[in-house]
There are 2 protein chains.
Amino acid sequence: MTSRTERTRAALQGAALQLFTERGFDHVTVEEVATAAGVSHMTFFRYFPTKEAVVLDDPYDPVLGDAVRAQPAALSPLERVRRALLMAWGTLPEPGEDETRARVALVAGHDGLRAKAWANNQRTQDVLADALVEDGVPPLEAQVAAGACLGALMAALLDWGAGGEGGLGDRISSALGQLAPPPIAEGVP
Amino acid sequence: MTSRTERTRAALQGAALQLFTERGFDHVTVEEVATAAGVSHMTFFRYFPTKEAVVLDDPYDPVLGDAVRAQPAALSPLERVRRALLMAWGTLPEPGEDETRARVALVAGHDGLRAKAWANNQRTQDVLADALVEDGVPPLEAQVAAGACLGALMAALLDWGAGGEGGLGDRISSALGQLAPPPIAEGVP
DNA sequence: TCCACCATGTTAGTGACTAACATGGTGGGG
DNA sequence: CCCCACCATGTTAGTCACTAACATGGTGGA
């Protein structure tokens, strides 16, 4: 059922996560991760383009683009992205909570990993912005809306990973809530 | 007047900017930059901790922290950061417009450079957030406010560097404008 | 003029990442 | 059940960013 490649991939991620958590990202070589997973360092790089990628693997981008398209075009770009992220969060297939926490904690505690995480974010940002641009939103406005929302989301994520208490979902909705337009007296549009 | 270290530093930055622009960041080695500046590669690393740093050198962070503290505490955290960035932009000593453009263009067009730029942004974000926390704003809320504003600002910067027309200042104020609370009929608080 | 110090060079090493080629296990067709 | 083709993997050798330890030389002040 699980093909050989899937098993190898999982073995690499598992070994990497464990070793990085135990000894720190910088004090584990790719060679060691590969050996722990029972392969050579070349195989590692066939699965993950960089040492960081084995920690930062997340393929959610397409879902998010669709979520933006699903929002009513009458809202401001910022509000569309904001609601899209809130909505998508509920539907994403989450891996185990503990594993997610371990990964985010690694990222929060290491400059190089954080840098790469931001780089990934940039791709997500482009996906979100493109979805808006297709609907006629000016590119700069689209990028800004996506950038602001992702900036807020990332802040919540890193804060959680750095040791904050409570559930991740709560933090995300509270973070995005800060970007919400203030309620207009009575009667929501 | 200009000490030897200042001259060497400027020579390295100049050589790097020119070579990177001509041949692309990845196709120039640190060794070549150093040689072009008349020093060895070890001297390069004594001035800049990474190859990317020679492009991403900007020491504005402390100014921004003070700008946040200067905003009235009655405003929302988001609004305080937003106004602080707008205000600080006017007072910053800008290097030559052309050089800035060349640098931002390099960053906009290269994944590794963008990643490091985001990492720098993280430092700036911490400075902004800390200024809020000192005033009693909860840490998560502070990080989110700073993250959202910097996300918007970065989007405007990269869009400009990628070839957008017009002045950088206009883009920045328009980007941050998107995060402004909608005007409350008449009478601004 | 001489001395002390600091910027710089030299050398040697580690580790991430790549390219070219060799090999072996696995699955599907005969 | 066997064979063959293919794909995942290993081997080897190389480049380049970055670091550490030690040697040296020019510059500025006494």
Side-chain angles (χ1 to χ4, degrees), chain A residues 1-57 106-107 110-120, chain B residues 1-20 22-57 106-107 109-120:
Chain A
M1 29 193 70
T2 61
S3 69
R4 180 160 53 141
T5 66
E6 290 173 50
R7 260 180 289 130
T8 305
R9 185 184 182 84
L12 282 169
Q13 284 184 316
L17 207 58
Q18 182 182 345
L19 289 175
F20 291 163
T21 303
E22 282 173 13
R23 289 158 42 195
F25 186 80
D26 287 335
H27 300 103
V28 180
T29 69
V30 169
E31 192 77 50
E32 290 172 312
V33 173
T35 304
V39 296
S40 82
H41 84 277
M42 273 305 306
T43 297
F44 178 96
F45 285 114
R46 287 204 181 87
Y47 282 86
F48 303 100
T50 64
K51 184 183 179 184
E52 289 89 358
V54 71
V55 179
L56 297 173
D57 183 53
L106 275 174
V107 175
H110 187 276
D111 279 17
L113 278 170
R114 262 201 322 256
K116 294 278 184 174
W118 281 114
N120 281 9
Chain B
M1 31 190 69
T2 60
S3 70
R4 179 159 57 141
T5 67
E6 291 173 48
R7 261 180 289 131
T8 305
R9 186 185 182 83
L12 282 168
Q13 284 183 316
L17 207 59
Q18 181 182 345
L19 288 175
F20 290 163
E22 281 173 14
R23 290 160 40 196
F25 186 80
D26 288 333
H27 299 104
V28 179
T29 68
V30 170
E31 192 77 50
E32 292 172 310
V33 173
T35 304
V39 296
S40 83
H41 85 275
M42 271 308 305
T43 297
F44 178 96
F45 285 114
R46 286 204 181 88
Y47 281 87
F48 303 100
T50 65
K51 184 183 179 184
E52 289 88 359
V54 71
V55 179
L56 297 172
D57 182 53
L106 275 174
V107 175
H110 188 275
D111 278 17
L113 278 170
R114 262 200 322 256
K116 293 279 183 172
W118 281 114
N120 280 9

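What you see is a predicted model; the values in this text were computed from it and never measured. So you know, we letter chains A, B, ... as the sequences are listed, proteins then strands, and number each from 1.
Sequence order on DNA chain C of the closest nucleotides to A:R46 and A:T29 puts A:T29 first from the 5' end.
If you measure from atom CG of B:D26 to atom P of C:dT18, you get 11 Å, rounded to the nearest angstrom. For A:E31 and D:dG10, the CD to P distance is 10 Å, given to the nearest whole Å. Between the P atom of C:dG15 and the CZ atom of A:F20 lies a distance of 13 Å, rounded to the nearest Å. Rounded to a whole Å, the NE2 atom of B:H27 is 13 Å from the C1' atom of D:dT15. What separates CD of A:E6 from P of D:dT9 is a distance of 12 Å, to the nearest Å. Between B:F44 atom CZ and D:dA17 atom P there is a gap of 9 Å when expressed in whole angstrom units. Atom NZ of A:K51 and atom P of C:dG15 are 9 Å apart (whole Å). Taking atom CZ on A:R7 and atom C1' on C:dT26, their separation rounds to 11 Å, with Å as the unit.
Contact annotation for A:Y47: backbone-only contact, meaning every heavy-atom pair under 4.0 Å involves sugar-phosphate atoms and none involves a base. Using a 4.0 Å heavy-atom criterion, one finds that B:V28 contacts the sugar-phosphate atoms exclusively.
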#### Entry: Derivation of the side chain to side chain contact (heavy atoms under 4.5 Å, CB included) call for B:L106 and B:H110
CA-CA 6 Å; B:L106 275 174; B:H110 188 275; over 6 Å; no

### Message
Set out, in order, the CA-CA distance, both residues' side-chain angles and the distance that settles side chain to side chain contact (heavy atoms under 4.5 Å, CB included) for B:R9 and B:T5, then state yes or no.
### Response
CA-CA 6 Å; B:R9 186 185 182 83; B:T5 67; over 6 Å; no

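The partner of C:dA22 is D:dT9, judged by Watson-Crick or G-U wobble contacts that both fall below 3.5 Å. Base-pair partner of C:dG15: D:dC16 (Watson-Crick or G-U wobble, both distances under 3.5 Å).
Between the side chain of A:K51 and the main chain of A:V28, a donor-acceptor pair closer than 3.5 Å is present. Judged by distance alone, the side chain of A:Q13 and the main-chain N or O of A:A10 form no donor-acceptor pair under 3.5 Å.
The side chain of A:H41 lies closest to C:dC17, out of C:dC17, C:dT11, C:dA19. Considering only side-chain atoms of A:V39, the nucleotide from C:dC17, D:dG10, C:dT10 that sits closest is D:dG10. Listed nucleotides: C:dC17, D:dC18, C:dA19. Nearest to the side chain of A:M42: C:dA19.
Salt-bridge annotation for A:R114 and A:E52: absent, with no side-chain N of the basic residue lying under 4.0 Å from a carboxylate O of the acidic one.
Contact annotation: B:T43 side-chain N/O to C:dG9 OP1/OP2 distance is under 4.0 Å. Between B:T8 and C:dT8 there is a side-chain N or O to OP1 or OP2 distance below 4.0 Å.
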